[in-house]
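Sequence lines set the chain letters: A, B, ... in the order given, protein chains first and strands last, and positions in each chain run from 1.
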Protein chains: 2
Amino acid sequence: MAQNSKRVDMDRVDGLILSELTANARVSQVDLSARIGLSSTAIARRQRALEEDGIIRGYQAVLDLGRFGLAVTVIVRITLESQSDDALKAFEAGVIDCPSVVRCFLMSGSDDYIVTVLARDIEDFEHIHRTELSRLPRVARIESSFALREVVSRAVPPVVFSASAAPKHKPPSPRRPTRR
Amino acid sequence: MAQNSKRVDMDRVDGLILSELTANARVSQVDLSARIGLSSTAIARRQRALEEDGIIRGYQAVLDLGRFGLAVTVIVRITLESQSDDALKAFEAGVIDCPSVVRCFLMSGSDDYIVTVLARDIEDFEHIHRTELSRLPRVARIESSFALREVVSRAVPPVVFSASAAPKHKPPSPRRPTRR
DNA sequence: ATTCGATGCGCGTCGGAGTGCCGAAGGAGA
DNA sequence: TCTCCTTCGGCACTCCGACGCGCATCGAAT
């Protein structure tokens, strides 16, 4: 049914784990357990299960791209001159190698791509347009729009943390505080 | 000059550190030092400096959103009925609370926003359109395009890892292998 | 020549991760 | 309804690894 594996089944605790790990991937198991309110053993088991199930694909550092001077985001709509299969393949192979491209979607409807480009400033984008974008094969038209401000930027929509609030086994009702 | 702080100065080793950490944020310092070829002390110092300088903003887990059924990406262009300041503010305050929105840019040119929405399928997007998007204030027009495929998806453009290849002090020419 | 900056190495300590065992709770079956 | 089984959580323990520090060294810049 689904693409590669079965659908996920999560409870509230798994959602909390994912929420914490998407906020801070380097948090230790004991800190996680303290935040969530479960023992570190259970947290470690669940986190390991989430990793092995492939729900957690990995952990990555988030960089401040503004510190690199990449302050301008440009949304570029590119139309190919042909919708043939090898035209798509050639274009996509080229756009993957563009070092200023961070996202590229093949869109439905008209046969075009939406490409997100990061640039230092306007004239840097002009340079990117000349050296990267217009050298892409089979391109018929390039239309650029500049982003003035990034209002929302989330890696994960908040809807996944609350997905399937059904508990896995029980509500752990009378939980004794972890003494030491 | 820049927005909040000075421009970055990095050498090749810092770029390697950032490259490794964006690929795997949970790598330990000794593993990092083994991959890069510097001692773990230097790696730890540089990583700490990168964190304290704010170049590394944090670490986050990457989830497989397909496992949550979020298989459809929709690019939505929203035009407001007014370009007044409080119209923008009201719309942005509303779009931040939309749980299916992962990205939103205020675009130049015409007074509109480009919003990226994740949905389970077409009819889920229809539901999102009804319950989230069309309830946003001051909206005049909503135009949706469906993404068929994600060709490129990078958090960080590869250009930053090679930024400013000037070494910080010296090229560590005769490096003895780390014996043990 | 001197000073500064960065690296390399060794050491010690602290903390995290993994394991085994037990208990509790829920579900299934008779 | 009773019993068995499965599953998950909690606790204690051990071990190994990471992290941080201090000092010596080397190179470069002034």
Side-chain angles (χ1 to χ4, degrees), chain A residues 6 8-21 23-53 55-56 58-61 163-180, chain B residues 6-18 20-21 23-53 55-56 58-61 163-180:
Chain A
K6 66 205 174 298
V8 77
D9 70 322
M10 284 190 4
D11 60 349
R12 198 183 55 89
V13 177
D14 285 326
L16 289 174
I17 291 175
L18 294 182
S19 174
E20 292 288 333
L21 284 178
N24 179 16
R26 303 204 103 189
V27 68
S28 67
Q29 297 177 355
V30 288
D31 279 352
L32 253 186
S33 61
R35 286 172 188 273
I36 294 181
L38 236 62
S39 75
S40 66
T41 311
I43 295 294
R45 264 198 291 257
R46 295 173 92 117
Q47 181 179 349
R48 184 192 192 89
L50 290 171
E51 292 171 357
E52 290 178 349
D53 279 3
I55 297 175
I56 297 178
Y59 305 92
Q60 67 182 15
S164 71
K168 198 171 289 184
H169 213 229
K170 59 162 181 183
S173 29
R175 198 189 322 116
R176 271 162 294 178
T178 307
R179 64 167 176 87
R180 39 165 339 170
Chain B
K6 66 203 174 299
R7 196 67 149 275
V8 78
D9 70 324
M10 283 189 4
D11 59 351
R12 196 183 55 89
V13 176
D14 286 325
L16 289 174
I17 291 175
L18 294 182
E20 292 288 333
L21 285 177
N24 179 16
R26 303 203 104 188
V27 68
S28 67
Q29 296 178 355
V30 287
D31 278 352
L32 252 186
S33 62
R35 285 171 190 273
I36 295 180
L38 234 64
S39 75
S40 66
T41 311
I43 294 294
R45 262 198 291 259
R46 294 173 93 117
Q47 181 179 349
R48 185 192 190 88
L50 289 171
E51 291 171 356
E52 290 179 347
D53 280 4
I55 297 176
I56 297 178
Y59 305 91
Q60 67 181 15
S164 71
K168 198 171 285 185
H169 215 227
K170 61 164 180 181
S173 30
R175 199 191 319 116
R176 271 161 296 180
T178 307
R179 65 167 175 86
R180 41 163 337 174

Under 4.0 Å protein heavy-atom contacts per nucleotide of nucleotides 13-18 of chain D, with B for base, S for backbone only and - for none: -----S
Paired and unpaired positions of DNA chain C as dot-bracket, Watson-Crick or G-U wobble under 3.5 Å, | denoting a partner strand: ||||||||||||||||||||||||||||||
Counterpart residues, side chain to side chain contact (heavy atoms under 4.5 Å, CB included), relative to A:S19 (two or more places apart):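 If we apply the side chain to side chain contact (heavy atoms under 4.5 Å, CB included) test to A:S19, skipping adjacent residues, the hits are A:F161.
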A:R45 or B:S40, whichever maps to the more 5' nucleotide of DNA chain D: A:R45
Non-neighbouring partners of A:R35 that pass salt bridge (charged side-chain N to carboxylate O under 4.0 Å, His left out), sequence neighbours left out: A:E20
Pairing residues for A:R26 by the salt bridge (charged side-chain N to carboxylate O under 4.0 Å, His left out) criterion, not counting sequence neighbours: none
Measure the distance from [atom1] on [X] to [atom2] on [N] and round it to the nearest whole Å.
| X | N | atom1 | atom2 | result |
| --- | --- | --- | --- | --- |
| A:E52 | C:dG18 | CD | P | 10 Å |
| B:L38 | D:dT25 | CG | C1' | 15 Å |
| B:D11 | D:dA28 | CG | P | 15 Å |
| A:R35 | C:dG16 | CZ | C1' | 16 Å |
| B:R48 | D:dG20 | CZ | C1' | 9 Å |
| B:I43 | C:dA6 | CD1 | P | 14 Å |
| B:Q47 | D:dC19 | CD | P | 8 Å |

Closest non-hydrogen atom pair, A:A61 against B:A25: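 Where A:A61 meets B:A25 most closely, the heavy atoms are N-CB, 3.7 Å.
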Rounded at 0.5 Å granularity, tell me how far [atom1] in [X] sits from [atom2] in [Y].
| X | Y | atom1 | atom2 | value |
| --- | --- | --- | --- | --- |
| B:R48 | B:I56 | CZ | CD1 | 12.5 Å |
| B:L38 | B:I43 | CG | CD1 | 5.0 Å |
| B:Q47 | B:S33 | CD | OG | 11.0 Å |

Residues that A:Q29 engages under side chain to side chain donor-acceptor pair (under 3.5 Å), provided they are two or more places apart: none
Side chain B:D14, main chain B:I17, donor-acceptor under 3.5 Å: no
Minimum-distance nucleotide to A:S39 side chain [options: C:dG18, D:dC21, D:dG10]: D:dG10
Touch class at under 4.0 angstrom, heavy-atom based, for B:A42 against every strand present: sugar-phosphate
